Amino acid sequence: MIYTMFAKWVQGYRDLPILMNQWANVMRWEMRTRLFLRTAEFLWQEGHTAHETEAEAEEEALKMLGVYRTFAENFMATPVITGRKTDSERFAGALRTYCIEAMMQDNKALQAGTSHNLGQNFSKVFDLKFQGRDGTVQYAWNTSWGVSTRLVGSLIMTHSDDDGLVLPPRLAPTVAVIVPIFKTDEEKVIVLETADAIYKELKSKGFRVKIDTRDNMSPGAKYFEWELKGVPLRIEIGPKDVANKTVVIVPRIALDSQEAPKPGRKQKLFVNMDDLFDKVEALSVELQAQLLKNAITRREANTIRGVKSYEEMKEIFSKGEGAFVYAGWNGDPAIEAKVKEETKATIRCIPDAEFRSANAPDKCLISGEPAKHEVIWAKAY
RNA sequence: CGGGGCGUGGCUCAGCCUGGUAGAGCACCUGGUUCGGGACUAGGGGGUCGGAGGUUCGAAUCCUCUCGCCCCGACCA
């Protein structure tokens, strides 16, 4: 449909480049579905472009991969590895398929987004031609790229812990929840008045905040409930706080800048009411960064480089879900098939330079032949 | 499509083998005491046991059929 329209719209090089983006619900026949990661119906975003030159298309494909990476890292706090797919994992009609790969907490890999340089494959099928600067008629160069609601799954599986969901502040519908604490009726009046003032102040400054005034629940029960829902910051305010003009802020995850909490405990930060807004803003920024940092640390701790033999790699994948294993590969699809058969691990990508090992292996781990690429092996969702 | 499992108050499940007054925890309602990490206590409401048929004096329980859901495999973003 999109290429049919492209073919009608594009006559000369001045009509290029052209871009169409759409959000659409997609239905797929899936024998086995998995919540968020593989559903029979899902919402996705797909973009398509047509360009005058191959170089321009390549640039676009890489640019969009970068956009996805930025969103994953800066908003979802989910670190990703950018790279290229091998021929066997490449999108059928593409020249090259690029991807962002994330590691979940069970060490399995999840493809979080893709971007394809389609070459002229589609333009030839749909007769998408234009008259070039030199007067000759040429086929356009295409790209396509997409992400889906699978990103929701990756966010959940990257950050959540035994207490429940953990949401990055930049995406959390509620960034902070205020829990008032009181015993007597007199305390209730005072505390609620102050808590409400704080609530209104934060809200008026554009902060996404909620106040939990339910009186049929103990404060502790509320803490657990909001933690379960992944709210990044909790603001506790009780009679003592009102008297001291302070509040207690409890971050959803431990922050490196604060003293480590005792096991089973959470960090409690005593904050002056006067600079509450600045503090809350700073803490949400810090928490956002902490999430990304924790996820990178976890990924690197479960990444294995310098594997000596295929036997060693098989050993790694025989235990639990394994790891990201960096190894040399001779470029032979038969090797991929063999490893998949024997370990269930596949080549997730040929990583970009930034992610390659300092001293990349020069031999294929499986065949012993000279390595064409350093690749990442992992079990995938 | 092949293999396995499950349907019992709102939720999670026990009871079924060996038929005999439908249960527990959570949730809900009322009172009292509580409230800075999931409150306690006393009382209370709520269930055609997925559906149909059969066996039996008697079926949540045994038999037959049927509907729905879940898990595993191949498949796949």
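To find a chain, count down the sequence lines: A is the first, B the second, and so on, and within it residues start at 1. Just so it is clear, the model here is predicted, and its values are computed rather than measured.
Nucleotide B:G31 forms a Watson-Crick or G-U wobble pair with B:U41, both donor-acceptor distances falling under 3.5 Å. Partner assigned to B:G68 is B:C6, using Watson-Crick or G-U wobble distances below 3.5 angstrom.
With the nearest nucleotide of RNA chain B identified for both A:Y381 and A:V247, A:V247 has the one nearer the 5' end. Residue whose closest nucleotide on RNA chain B sits further toward the 5' end, between A:F36 and A:D215: A:D215.
Partners of A:K200 under the side-chain hydrogen bond (donor to acceptor under 3.5 Å, both in side chains) rule, at least two apart in sequence or in another chain, are A:D196. Looking at residues two or more places apart in sequence or on another chain, you find no side-chain hydrogen bond (donor to acceptor under 3.5 Å, both in side chains) involving A:K63. Among residues two or more places apart in sequence or in another chain, the ring-ring contact (aromatic ring centres under 6.0 Å, His included) test is passed with A:F75 by A:F71.
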query: Hey, mind stepping through A:L291 and A:V166 against side chain to side chain contact (heavy atoms under 4.5 Å, CB included) and telling me if it holds?
result: CA-CA 9 Å; A:L291 281 172; A:V166 179; 3.7 Å; yes
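In this structure, the OH atom of A:Y223 is 6 Å from the P atom of B:G37, given to the nearest Å. Put simply, NZ on A:K340 is 9 Å from P on B:A74, counting in whole angstrom units. In this structure, CZ of A:R234 is placed 9 Å from P of B:G37, rounded to the nearest angstrom. Separating the NZ atom of A:K183 from the C1' atom of B:U34 is a distance of 10 Å, rounded to the nearest angstrom. Atom C1' of nucleotide B:C35 and atom CD1 of A:I181 are separated by 9 Å, given to the nearest angstrom.
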Please write out the pairs of protein N or O atoms and N or O atoms of nucleotides 68-72 of chain B separated by less than 3.5 Å, giving the distance to one decimal.
unit_1	atom_1	unit_2	atom_2	d
B:C72	N4	A:R32	NH2	3.1

Would you tabulate the pairs of protein nitrogen or oxygen atoms and nucleotide nitrogen or oxygen atoms of nucleotides 38-46 of chain B closer than 3.5 angstrom?
unit_1	atom_1	unit_2	atom_2	d
B:A39	OP2	A:S218	OG	2.2

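Annotation: cation-pi pair A:R28/A:F42 absent, no NZ/CZ under 6.0 Å from the ring centroid and within 45° of its normal.
Of the residues A:N142, A:T143, A:N21, the one that meets the side-chain hydrogen bond (donor to acceptor under 3.5 Å, both in side chains) test with A:T49 is A:T143.
Hydrophobic cluster membership of A:V125, counting Ile, Leu, Val, Met, Phe, Trp and Tyr whose side-chain heavy atoms lie under 4.5 Å apart directly or via other members: A:I2, A:Y3, A:M5, A:F6, A:W9, A:V10, A:Y13, A:L16, A:I18, A:M20, A:F91, A:L118, A:F122, A:F126, A:L128, A:F130.
Inspection of the A:E89 and A:T97 side chains reveals no N or O donor paired with an N or O acceptor under 3.5 Å.
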